[in-house]
Amino acid sequence: MFEEAINTVITVRDFTLVFEAYAKFEESVLTTKINISADIDGIIGAELADEITLKIEKNEDFTTPQIKKYIHGTSISISDFTQYIDDKKDLMLRLIRLEYLLDMRPILLNAVVLRQNPHNVFEWHKRIKLYKKDYTSVVKEHTTSDNTSNTTNTTNNSNTNNTNSNVDINNPLINGSLQRVIGIYSEAINSINPKLAKGKLSTIWLSLASFYERHYSHDIITNIDNVRVVYRKATQVNYRHIDELANIWCNFAEFELKHGNYDEALAVMQEAITEPTAAIQRRKRENAIKGAKKTQKFAYSYNTEEDIDNSIPAVDRVHKHIRVWELYLDLEESLGSLETTKAAYDRAIELNIVTPQMVLNYASILEEHHYYEDSFRIYERCIPLFGFPHLKQIWTTYIDKFIDRYEGKKLERLRDICEQALMWAPVEPKIEFYLKLARIEEKYGLARHALAVYDRATKDPKITSDDTKVNLFHLYIHKSGFYYGSTKTRPIYERAIAELGDAAAGKMCLEYAQLETTLGEIDRARGIFQHGSASIDPKKDELSYWEAWKNFEQDHGNENTFRDMLRMKRSAEVSFSQVCGFYMYCMMLMPDFLNC
């Protein structure tokens with residue numbers, strides 16, 4: 001009754017009640033048996049009682065002369081002693097039964113949880129771990145270390161044997177425990193519905209393959225064949241997520257690589273990226289449906305593309321999985337020829353499953369074999385497949401490789417490449433491409449072309465940040481002064497002051513005035529100070545603008561110009577204080593004014 005209840009309850013609470021009652025029942029019966037046996041043990045003596053217990057443990061029979069020897073001098077009859085022996089054996093069996101019951105509690109509790117949800121992968125892993133623990137303990141008890149047979153094939157054996165123990169598979173206890181673990185794996189795989197699995201079913205298959213590899217046999221060839229069978233079966237499962245099937249294929253190939261079977265590993269990945277027949281037929285039907293939709297006025301009720309993808313089995317979609325292709329391309333690079341590698345990369349590009357790193361690797365391979373133009377065509381072919389920020393590395397590498405190859409020999413073509421990069425790029429990468437094009441013009445072209453690039457950068461409507469534009473103007477001014485002299489920077493300063501905000505314009509005014517002072521144009525410098533004073537609050541003068549103007553008038557002005565400076569400073573203070581007062585007044589009347 002207790003056994004039936006333990007094997008049928010479906011809640012942990014009910015299991016706890018039944019198990020505790022079962023354990024208490026066994027303990028009470030065991031206690032009764034011990035008390036009965038203790039009475040006779042006291043009569044025949046402790047020494048004889050221990051001897052009898054030892055014979056029972058060895059499963060030895062008691063002859064009539066032996067029985068008479070034990071009961072000699074006591075009031076115990078032969079029939080009573082025979083009953084005593086039976087009770088003693090029953091006592092030992094019940095003791096073993098109680099210990100087994102307590103040891104089995106985690107497995108029995110796990111079975112309760114699995115009855116609630118047989119598709120729980122995590123609980124199956126717990127159950128497998130419990131049986132593995134039992135198998136390990138059995139192996140330790142019945143295995144002796146092999147310290148003399150490590151003379152030949154040491155290198156090959158080290159790939160599959162992770163311990164130094166000589167496990168005797170023919171031992172009934174070891175083999176029985178091993179078969180129980182295999183049985184639990186089989187039960188888990190047969191019980192879990194891939195579409196209802198809670199967790200990744202692929203981890204059960206991978207764990208089974210690993211167990212076969214490490215424990216099932218010491219025959220390396222047999223181990224490899226067994227693991228291959230497991231992986232083959234695992235690749236036919238219709239998993240809920242395609243990533244699980246891709247993980248199975250990749251682990252399959254890595255297993256072959258681990259054992260030095262390089263051709264088999266490449267063959268496995270070639271099989272993985274081959275489009276199944278069912279997928280080809282489905283694709284043809286979908287193409288026919290799409291063509292029919294274009295020619296008919298009223299569309300039929302077909303699933304959306306996303307619904308179609310979700311309804312397609314994972315085994316029919318894994319051939320386009322990026323992880324599978326990454327491993328396949330790595331194997332082709334290492335084991336295949338240049339032609340097969342090119343064909344593999346071209347196929348990935350056709351399927352539109354390449355990553356930026358794949359593009360860079362493909363171009364690098366072609367460059368290593370001196371196919372420079374082919375590598376450049378790969379960049380151009382793959383650029384439309386990506387967007388920023390992923391495209392930035394491709395453009396940068398493309399331009400750098402082109403420069404390394406041709407330097408300034410094909411300047412017009414290099415300019416076209418940079419112009420295309422500028423056309424595709426958003427704001428931040430665009431600035432880098434502007435600077436790269438300007439450096440190219442400085443090194444291989446004309447200075448005026450480089451300055452024209454800087455001028456374009458400062459006028460680009462996408463670049464709106466004042467800090468960025470200030471840096472570009474500074475670079476433009478520095479290059480213009482370097483090539484044509486300081487006087488040629490005046491129009492740049494004037495445009496910067498006109499286009500930038502108040503804070504940035506004030507900074508440019510201060511720099512412009514210092515330049516004019518250096519050139520001896522005192523009146524022009526004073527006029528610049530006067531122009532910029534309207535945008536600088538004297539109370540928040542972080543640039544020390546007014547202090548610089550004051551020092552300028554002390555060094556180059558007179559009493560009248562100094563007085564004009566003070567008058568304009570007071571006027572600026574009044575102007576900014578009125579603005580602040582207006583904002584404070586608005587905040588009092590309309591708290592949400594600044595949020596408008």
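Quick caveat: nothing in here was measured; it's all calculated off a predicted structure.
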Phe402 side chain reached by Lys410 side chain, heavy atoms, under 4.5 Å: yes
Determine, for Arg323 against Glu326, whether the closest basic-nitrogen to carboxylate-oxygen distance falls under 4.0 angstrom. no
Can you name the nearest heavy-atom pair linking Ala272 to Trp249, along with the distance? CB-CD2, 3.6 Å
Are Arg415 and Glu412 close enough, and set up right, to give a salt bridge (Lys or Arg N to Asp or Glu O under 4.0 Å), and what steps lead you there? CA-CA 5 Å; Arg415 286 171 179 162; Glu412 286 300 325; 2.6 Å; yes
Determine, step by step, whether Leu338 and Tyr371 satisfy the side chain to side chain contact (heavy atoms under 4.5 Å, CB included) criterion, reporting the C-alpha distance in whole Å, the side-chain angles of both residues, the deciding distance to 0.1 Å, and the verdict. CA-CA 11 Å; Leu338 177 61; Tyr371 291 93; 3.6 Å; yes
Would you find more than 12 non-hydrogen atoms of other residues, nucleotides or ligands less than 6.0 Å from Phe388 atom CZ? yes
ring-ring contact (aromatic ring centres under 6.0 Å, His included) partners of Trp205, counting only residues at least two apart: none
Using only atom types and a distance under 3.5 Å, with no angle test, would you say the side chain of Asn117 pairs donor to acceptor with the backbone of Val113? no
State plainly whether the residues Asp225 and Arg228 are in salt-bridge range, i.e. N to O under 4.0 Å. yes
Is there a side chain to side chain contact (heavy atoms under 4.5 Å, CB included) between Tyr239 and Ile248 once you walk through the steps? CA-CA 11 Å; Tyr239 299 98; Ile248 292 290; 3.8 Å; yes
Can we say Arg377 and Glu380 salt-bridge, meaning some charged N sits less than 4.0 Å from an Asp/Glu carboxylate O? no
Ile204 and Ala188: which non-hydrogen atoms are nearest, and at how many Å? CG2-CB, 4.4 Å
Can you tell me how far apart CG (Asp404) and OG1 (Thr397) are? Round to the nearest 0.5 Å. 10.5 Å
Rounded to the nearest 0.5 Å, what separation is found between the CD1 atom of Ile128 and the CD1 atom of Ile184? 7.5 Å
Show your working on side chain to side chain contact (heavy atoms under 4.5 Å, CB included) between Phe252 and Val227 and close with a plain yes or no. CA-CA 9 Å; Phe252 191 2; Val227 176; over 6 Å; no
Nearest 0.5 Å, please: how far is CD1 in Ile273 from CG in Leu327? 11.5 Å
Looking at every non-hydrogen atom in both residues, tell me the closest pair between Arg127 and Asn110 and how far apart they are. CB-OD1, 3.0 Å
Donor-acceptor contact below 3.5 Å, side chain Thr136 vs main chain Lys132: yes
Any side-chain heavy-atom pair of His259 and Glu264 under 4.5 Å: no
Look at the side chain of Asn361 and the backbone N and O of Gln357, then say whether any donor-acceptor pair between them is shorter than 3.5 Å. yes
Identify whether the distance between the nearest side-chain nitrogen and carboxylate oxygen of Lys133 and Asp103 falls below 4.0 Å. no
I'd like to know if the side chain of His321 and the backbone of Arg317 have a donor-acceptor N/O pair within less than 3.5 Å. no
With no hydrogens and no angle check, do the side chains of Tyr454 and Glu441 hold a donor and an acceptor under 3.5 Å apart? no
Looking only at heavy atoms, which two atoms of Asn226 and Tyr212 are closest? And how far apart? CB-CD2, 3.8 Å
Indicate yes or no: does Lys126 engage Glu123 in a salt bridge with an N to O separation below 4.0 Å. yes
Would you tell me whether Thr340 and Glu332 have side-chain atoms, one donor and one acceptor, within less than 3.5 Å of each other? yes
Parallel, tilted or perpendicular: which fits the ring planes of Tyr398 and Phe376, with parallel below 30° and perpendicular above 60°? tilted
Return the CG to CG distance between Leu475 and Leu435, rounded to the nearest 0.5 Å. 6.0 Å
Going through the checks in order, is the side chain to side chain contact (heavy atoms under 4.5 Å, CB included) test met by Lys195 and Asn238? CA-CA 8 Å; Lys195 296 299 182 182; Asn238 187 20; 3.5 Å; yes
Does the ring of Tyr379 carry Lys401 above it, NZ/CZ under 6.0 angstrom from centre and within 45° of its axis? no
Identify, with sequence neighbours excluded, every residue that meets side-chain contact (heavy atoms from CB on, under 4.5 Å) alongside Leu257. Tyr262, Ala265, Leu331
Separation between CD1 (Ile431) and CG (Leu422), nearest 0.5 Å, reads 11.0 Å
For the pair Asn120 (side chain) and Leu114 (backbone), establish whether a donor and an acceptor sit closer than 3.5 Å, ignoring hydrogens and angles. no
Under the 3.5 angstrom rule, does the side chain of Trp124 hit a backbone N or O of Pro118 as a donor-acceptor pair? yes
Note, Ile322 side chain near Met358 side chain (heavy atom, < 4.5 Å): yes
If we ignore hydrogens and angles and just use 3.5 Å, is the side chain of Glu244 paired with the main-chain N or O of Ser202 as donor and acceptor? yes
Ile174 backbone acceptor or donor facing Ser177 side chain under 3.5 Å: no
Just so I know, are the side chains of Thr355 and Trp325 near enough to count as touching, which here means a heavy-atom distance under 4.5 Å? no
Take atom CD in Glu428; do more than 12 heavy atoms of anything else shown fall under 6.0 Å from it? no
I'd like to know if the side chain of Arg240 reaches the main chain of Ala197, judged simply by a donor and an acceptor atom lying under 3.5 Å from each other, with no hydrogens or angles considered. yes
With no hydrogens and no angle check, just 3.5 Å: does a side-chain donor-acceptor pair link Ser207 and His125? no
Would you say the side chain of Tyr406 lies within less than 4.5 Å of the side chain of Leu411, judging by non-hydrogen atoms? no
In terms of side-chain heavy atoms, does Asp416 have a donor or acceptor partner in Gln420 at a distance below 3.5 Å? no
Taking the side chain as C-beta and beyond, is there a heavy-atom pair between Lys469 and Thr458 under 4.5 Å? no
Does Asp400 come within less than 4.0 Å of Lys436, counting only side-chain N to carboxylate O? yes
Distance-minimising heavy-atom pair for Ala363 and Ser375: O-CB, 3.5 Å
Does the side chain of Val315 reach to within under 4.5 Å of the side chain of Pro276, using non-hydrogen atoms? no
More than 12 heavy atoms from other groups under 6.0 Å of NZ on Lys320: no
If you define the side chain from C-beta out and look only at heavy atoms, does anything of Ile182 sit under 4.5 Å from Leu208? yes
Nearest heavy atoms of Tyr328 and Ala344, plus distance in Å: CE2-CB, 3.7 Å
When rounded to the nearest 0.5 angstrom, what is the spacing between CD in Glu213 and CD1 in Ile224? 8.0 Å
